Chemist: 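Sharing a structure with you now.
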Amino acid sequence: MAARAIWKGNLKLGTTRVPVKLYSAVEDRTVRFHVLDDRAKKRVKQHMIDPDSGDEVSTEEIQKGYEIEPGKYVILTAEDLEKLEPPPSRDIEIVEFVPQAKISQQWYERPYYAGPDGDTKEYFALVEALQNKESEGIAHWVMRNKYYAGALRAVDDYLFLFTLRDANEVILADDLTKPSGAAPTQKELAMAKQLVEILQGEFEPKEYKDEYRERVMEFIEKKAKGRAPKLRAVKAKPKTAALDSVLAKSIESLRKKEKRAA
Amino acid sequence: MPVSLFPATRSVRTSLRMLGPDGQPLARKYYAEKTGKDLDADEVVRGYEVTKDKFVIVTDEELERLAPEKTRDIDLKQFVPAESIPPIYFERGYFLTPAAGSQKAYKLLAETMDKSGLAGIATFVMRGKEYLVAIFSDKGILRAETMRFADELRSASDVGLPKKTAPSKATVNKFEKLIANKSKKQFSPTKVADKQAESLLKLVKKKQANRANVVKVEEEAATEGKVVDLVQILKKSLSGKK
């Protein structure tokens with residue numbers, strides 16, 4: 001079943017507009033629980049209360065405040081908040097382009113497919129142009145009263161629009177200092193290179209599964225049938241040295257495999 | 001090689017707090033719809049809806065027992081070309097800092113990855129959940145990005161996008177020219193500053209001048225506003241100082 005578009009807009013490059021529809025590229029597979037009233041086993045409701053008196057505060061009485069220092073709030077009225085909303089627009093303005101891979105991984109937040117809306121000729125021409133130039137666009141747009149900054153990228157044959165994190169949110173390696181200590185010697189580097197090469201391969205995302213999620217779902221299904229399996233108590237594994245010992249172990253097992261194959 | 005993990009993002013506090021008529025911060029509370037009675041934490045349970053209004057109750061203990069084995073290992077599975085991982089996988093970044101005595105191994109791994117342009121693919125357990133991560137060497141500092149699993153991502157055919165049609169050379173050229181005209185060599189973070197948050201802060205500042213717009217509540221009821229400077233903590237940890 002085809003997914004439903006969450007928004008329609010126009011990619012705007014200079015004076016050219018390419019109409020697109022946005023679709024979430026992420027399928028939420030988190031196991032979602034409801035909060036239930038233990039007695040009635042019914043779904044609960046939520047309301048806001050004054051924690052001191054325990055009294056309910058109705059929606060009309062609720063004010064919104066920005067905390068400027070602990071316990072001190074500046075009240076923002078509904079009118080104030082409305083004024084802060086950016087003017088609505090259907091344009092996804094591409095302000096500039098940068099070479100692919102210039103945006104560090106840590107900026108990317110949420111991916112959306114930007115699929116063609118109507119005409120596909122311009123759309124696939126833009127895909128090809130982005131691929132040929134190995135470029136990524138920096139985009140600004142307003143969606144549902146909220147301002148977004150993002151990246152436009154061609155992956156395989158389609159356009160993706162990523163929301164990017166706010167500049168204040170990201171801590172860059174540039175702002176930090178490398179760990180202290182002596183630099184590795186040429187000999188050490190040569191050895192490490194060899195070890196890493198043994199574990200080198202292609203990125204195969206399908207090889208990894210969220211086993212925890214699968215276990216939880218399996219358990220729920222069994223329990224729903226009235227056959228909840230007994231679960232063993234967890235034993236904490238002894239603390240072990242991480243990265244390097246694992247690396248050594250993996251290499252050891254690979255070597256054994258190679259020997260057997262030979 | 002023991003390492004410590006620190007978030008590579010800080011939460012930017014532009015969220016607003018819900019306050020009562022006298023400016024007192026409010027709390028969210030569960031209540032039973034039928035009786036209207038407020039419910040405490042020990043009066044609610046967690047239920048998975050199997051069919052409409054039919055729930056399977058799952059306890060904290062059960063979830064704990066289903067959780068992956070507690071381990072502190074970052075289990076490196078593979079090294080792949082760093083730029084071969086599409087950004088659709090990335091969720092959140094963490095910096096890894098060397099624990100005392102492991103600076104040497106840390107630097108060796110970082111430099112090896114840097115030189116070869118490789119990223120490590122690893123799994124590790126954090127707060128009862130297993131994560132898939134890609135580890136990058138970022139200017140000599142190791143950074144792990146948690147990743148989505150492949151079954152959490154939709155394919156173009158899942159979404160129902162039309163098959164690619166060959167575009168005309170002339171149109172491709174037109175776009176290539178547009179791209180070339182607006183190309184920059186580097187990505188500048190100022191281009192992704194949250195303008196809305198900025199204008200919110202501006203407005204707050206303006207309103208703050210008038211005392212009628214400001215409410216103050218008893219310290220006791222105030223939220224704990226301990227501000228930690230993540231960059232300072234990271235710098236300290238990277239330098240090996242306690």
Side-chain angles (χ1 to χ4, degrees), chain A residues 2-3 13 23 33 36-38 44 48-49 51 57 61 63-66 70-72 74 96-98 102-103 105-106 108 111 115 124-126 128-129 133 147 149 157 164 166-169 173 178-179 181 184 192 199-200 203 205-206 208 210 212 215 220 223-224 231 236-237 242-244, chain B residues 1 9 12 16 19-21 26-27 29-30 32-33 45-48 50 56 65-66 70-71 73-74 79-80 83 87-88 90 93 103 108 112 130 132 138-141 145 149-150 159-161 164 167 171-172 175-176 178-179 182-183 187 189 191-194 196 204 216-217 222 225 238:
Chain A
L13 295 91
Y23 307 85
F33 292 105
L36 306 178
D37 173 359
D38 193 13
V44 298
M48 300 304 291
I49 60 154
V57 179
E61 286 177 300
Q63 314 188 76
K64 285 193 175 150
Y66 181 85
K72 213 170 168 186
V74 172
E96 64 187 38
F97 291 89
V98 295
K102 281 291 176 199
I103 308 177
Q105 300 83 10
Q106 58 190 139
Y108 293 93
F124 287 113
L126 177 56
E128 212 163 292
K133 303 294 274 182
Y147 167 84
D157 288 336
L164 295 180
D166 169 22
N168 292 314
E169 211 181 326
K178 271 201 236 185
L199 282 175
Q200 194 174 335
F203 178 51
K206 288 204 168 79
Y208 306 98
D210 190 344
Y212 173 58
R215 274 202 303 280
I220 289 170
K223 206 172 174 181
L231 300 169
K237 240 193 187 176
L243 279 175
D244 59 343
Chain B
M1 183 177 99
T9 51
V12 202
L16 300 176
L19 308 170
L26 302 178
K29 188 92 181 173
Y30 293 125
E33 198 178 13
V45 289
R46 184 192 292 113
Y48 183 86
V50 271
V56 170
R65 290 184 173 193
L66 286 163
K70 283 201 180 82
T71 161
D73 285 355
I74 296 176
F79 287 96
V80 303
E83 282 173 23
I88 37 173
F90 302 125
Q103 279 97 340
L108 183 58
T112 306
E130 188 164 359
L132 178 65
D138 190 351
K139 304 192 166 78
I141 299 168
E145 294 287 330
F149 287 94
V159 175
L161 297 184
K164 187 183 173 176
T171 323
V172 176
F175 282 121
E176 283 180 354
L178 278 170
I179 293 167
K182 287 194 167 201
S183 277
F187 164 63
K191 284 282 175 337
V192 295
D194 187 347
Q196 220 165 335
V204 165
K216 202 170 165 22
V217 288
L238 284 164

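All of these numbers come straight from a predicted model, not from anything done at the bench. All chains are named by letter (A, B, ...) in the order of the sequence lines, taking the proteins before the strands, and each is independently numbered beginning at 1.
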Chemist: Please report the closest heavy-atom contact between B/G20 and A/Q63, naming both atoms and the distance.
Modeler: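 Distance-wise, the nearest heavy atoms are O-NE2, 3.0 Å.
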Chemist: Heavy atoms only: give me the nearest B/P189-A/A167 pair and the separation to one decimal.
Modeler: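 Nearest heavy atoms, B/P189 then A/A167: O-CB, 3.5 Å.
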Chemist: Select one option (side chain, backbone, both, neither) describing which atoms of A/V57 are under 4.5 Å from chain B's heavy atoms.
Modeler: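 When you check distances to chain B, only side chain atoms of A/V57 fall under 4.5 Å.
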Chemist: Which one wins on heavy-atom pair count under 4.5 Å against chain A: B/Q103, B/E176, B/E83?
Modeler: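 Looking at each of B/Q103, B/E176, B/E83 in turn, B/E176 comes out on top.
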Chemist: If you measure from CD on A/E96 to NZ on B/K182, what distance do you get to the nearest 0.5 Å?
Modeler: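 Going from CD on A/E96 over to NZ on B/K182, the span is 9.0 Å.
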Chemist: Taking the side chain from B/D194 and the backbone from A/D166, do they hold a donor-acceptor pair closer than 3.5 Å?
Modeler: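 Side chain of B/D194 to backbone of A/D166, a donor-acceptor pair under 3.5 Å: no, none is there.
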Chemist: Would you please classify the geometry between the A/F33 ring and the B/Y48 ring as parallel, tilted or perpendicular, with 30° and 60° separating the classes?
Modeler: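 B/Y48 vs A/F33 ring planes: perpendicular.
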Chemist: Only counting residues at least two apart or in another chain, list the ones meeting ring pair (Phe, Tyr, Trp, His ring centres under 6.0 Å) with A/Y23.
Modeler: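 Scan of A/Y23 (ring pair (Phe, Tyr, Trp, His ring centres under 6.0 Å), adjacent residues dropped) gives none.
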Chemist: Closest heavy-atom contact between A/L36 and B/G47?
Modeler: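 Heavy-atom minimum between the residues: CD1-CA, 3.8 Å.
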Chemist: If you count heavy-atom pairs within less than 4.5 Å of chain B, which of A/K178, A/K223, A/E61, A/E169 leads?
Modeler: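 Among the listed options, the one with the most contacts to chain B is A/E169.
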Chemist: Would you find more than 12 non-hydrogen atoms of other residues, nucleotides or ligands less than 6.0 Å from A/Q200 atom CD?
Modeler: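 Yes, CD of A/Q200 has more than 12 neighbouring heavy atoms, counting only those of other groups under 6.0 Å.
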Chemist: I'd like to verify something: which residue of A/V44, A/D210, A/D37 has the highest number of heavy-atom pairs under 4.5 Å with chain B?
Modeler: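 Option with the top pair count is A/D210.
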Chemist: List the atom of B/L26, the atom of A/P51, and the distance in Å for their closest heavy-atom pair.
Modeler: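 It is CA-CD, 4.1 Å.
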Chemist: Rounded to the nearest 0.5 Å, how far does OG1 of B/T171 lie from CD of A/E128?
Modeler: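 Going from CD on A/E128 over to OG1 on B/T171, the span is 10.0 Å.
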Chemist: Which heavy-atom pair separates A/Y147 from B/A193 by the least distance, and what is that distance?
Modeler: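 For A/Y147 and B/A193, the tightest heavy-atom pair comes out as CE2-O, 3.6 Å.
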Chemist: At a 4.5 Å cut-off on heavy atoms, which part of A/L13 comes close to chain B: side chain, backbone, both, or neither?
Modeler: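 For A/L13, the contact with chain B is made by backbone and side chain together.
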Chemist: Who among B/T9, B/T112, B/L108 has the most heavy-atom pairs with chain A under 4.5 Å?
Modeler: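 Highest number of heavy-atom pairs under 4.5 Å: B/L108.
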Chemist: What's the separation between atom CZ in A/F124 and atom NZ in B/K164, rounded to the nearest 0.5 Å?
Modeler: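 Those atoms lie 7.5 Å apart.
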Chemist: To the nearest 0.5 Å, what is the distance between CZ (B/F79) and CG (A/L199)?
Modeler: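 These two atoms lie 6.0 Å from each other.
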Chemist: Highest number of heavy-atom pairs under 4.5 Å with chain A: which of B/V56, B/L178, B/V50?
Modeler: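 When all of B/V56, B/L178, B/V50 are compared, B/V56 has the most.
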Chemist: Taking all non-hydrogen atoms of both residues into account, name the closest pair between B/I141 and A/A173 and its distance.
Modeler: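 Minimum heavy-atom contact is CD1-O, 4.1 Å.
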Chemist: Looking at A/I103, A/N168, A/I220, A/I49, which one has more heavy-atom pairs under 4.5 Å with chain B than the rest?
Modeler: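 Most pairs with chain B among the choices: A/I49.
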Chemist: Tell me, for A/K64 versus chain B, whether the close heavy atoms (under 4.5 Å) come from the side chain, the backbone, both or neither.
Modeler: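 Both parts, backbone and side chain.
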Chemist: Pick from A/G65, A/A192, A/P205, A/A224: which one has the most heavy-atom pairs with chain B under 4.5 Å?
Modeler: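 Highest number of pairs under 4.5 Å: A/G65.
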